[in-house]
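In what follows, a structure is listed as structure tokens, so that the remarks can point back to it.
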Amino acid sequence: MYPLAGRVAIVTGASRGLGRAIALALAGAGADVALAARSKADLEETARLAAATGRRALVVPTDVARYEDVEALVARTLHELGRLDVLVNNSGVAKVVPLAAATAEDWRFMLDVNLTGVFNGCRAAGPHLIAQKSGKVINLASVLGQVGLTGYTLYAATKGGVMALTRSLGVEWARHGVQVNAMAPGWFVTDMNEAAFGQPKLADRLLRDVPMRRTGRLEEIGPLAVYLASAASDFMTGQTIFLDGGHSAG
Ligand SMILES: NC(=O)c1ccc[n+]([C@@H]2O[C@H](COP(=O)([O-])OP(=O)(O)OC[C@H]3O[C@@H](n4cnc5c(N)ncnc54)[C@H](OP(=O)(O)O)[C@@H]3O)[C@@H](O)[C@H]2O)c1
């Protein structure tokens, strides 16, 4: 019934969207959760919802692009929740801009959050997970790490980087009993893309790439996170699992 009972999970980007859904699913499966993002008020709302499942929820305002913030997040989780078993590196940003019009600032902005943020999480939690000889790292990649789309080249490069980091770190930490996998969602309507999906013609165009012709439902992301966080996935590492209505297969 509660595959994550007694476990502690950090979820970054837990203030809204997929991160909030993942945090609530992990709490629903029995984990205590440390909730990280920049917006304290939104994290507190996630914590209120998580507490309704009967689990402990710790709010830790964090900018994942800043290593010292992420180091403090791991330290507070260990100190206040007593252990760390699962790290979900979910924080992400997407600015839609053709490469020829992009600035160095656009590039750095997406790289800093989407890829350096994942590196920072793994680097800060790694020594602890390696020492305890167990742990689950779950990174958020994207279908656009695999499939091209005009305007998304910078974002795609960061997510391709997440997939490569996941593959290689899965190999590197296999001997330490730590599994590293990624989830690659297709389109889920969140703050990240609601402006695009609010335009019927553009939404139609985007859904033409998706064999199921629909976006994902927020409740469809949690079960995969619970699977990757639990002992059920102990023989899986270095993988990116696509949850995309067939988008990457089409
Ligand atoms: N929605 C989709 O269709 C889709 C598809 C594929 C992959 N993804 C990936 O899934 C993840 C979640 O996306 P989403 O759709 O839920 O987007 P979202 O609703 O815009 O949420 C993004 C989350 O990231 C956090 N964040 C942004 N910058 C941050 C920073 N510097 N430090 C810490 N946290 C930061 C935000 O919190 P604050 O603003 O409070 O910091 C927020 O909680 C992202 O990695 C995204 O690339 C999404």
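Side-chain atoms are counted along with the backbone in the values below, which use heavy atoms only and exclude waters and symmetry mates. For clarity, every value in this text was computed on a predicted model and none was experimentally measured. Order of listing sets the numbers, starting from 1, for every ligand and every atom in it.
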- Query: How many angstroms lie between CZ in F197 and CZ in F188, if you round to the nearest 0.5 Å?
  - Reply: 11.0 Å

- Task: Report the distance from atom CG of D63 to atom OG1 of T12, rounding to the nearest 0.5 Å.
- Result: 11.0 Å

- Is any NZ, NE, NH1 or NH2 atom of the basic residue among K40 and E44 found under 4.0 Å from an Asp or Glu carboxylate oxygen of the other? yes

- Message: Are more than 12 heavy atoms, taken from residues, nucleotides or ligands other than E105, located less than 6.0 Å from that residue's CD atom?
- Response: no

Pick out the protein N or O atoms lying less than 3.5 Å from any N or O of ligand 1, and list each pair with its distance.
residue, atom, partner, partner atom, Å
ligand 1, 1 (N), F188, O, 2.9
ligand 1, 1 (N), T190, OG1, 3.4
ligand 1, 3 (O), G186, O, 3.3
ligand 1, 3 (O), F188, N, 2.9
ligand 1, 3 (O), F188, O, 3.1
ligand 1, 3 (O), N193, ND2, 3.0
ligand 1, 15 (O), T190, OG1, 2.6
ligand 1, 16 (O), L18, N, 2.8
ligand 1, 20 (O), R16, NH1, 3.0
ligand 1, 24 (O), G92, N, 3.4
ligand 1, 28 (N), R38, NH2, 3.3
ligand 1, 31 (N), D63, OD1, 2.9
ligand 1, 32 (N), V64, N, 3.0
ligand 1, 34 (N), S91, OG, 2.8
ligand 1, 37 (O), S15, OG, 2.9
ligand 1, 39 (O), R16, NH2, 2.7
ligand 1, 39 (O), R38, NH2, 2.8
ligand 1, 40 (O), S15, OG, 3.1
ligand 1, 40 (O), R38, N, 3.4
ligand 1, 40 (O), S39, N, 2.9
ligand 1, 41 (O), R38, N, 2.8
ligand 1, 41 (O), R38, NE, 2.7
ligand 1, 41 (O), R38, NH2, 3.4
ligand 1, 43 (O), G13, O, 3.0
ligand 1, 43 (O), S15, OG, 2.7
ligand 1, 45 (O), N90, O, 2.8
ligand 1, 45 (O), K159, NZ, 2.9
ligand 1, 47 (O), Y155, OH, 2.6
ligand 1, 47 (O), K159, NZ, 3.0

- Item | Under 3.5 Å: donor-acceptor pair, side chain of E71, backbone of D69 | no

- Polar side-chain atom of K136 near backbone of S230 as donor-acceptor pair, under 3.5 Å: yes

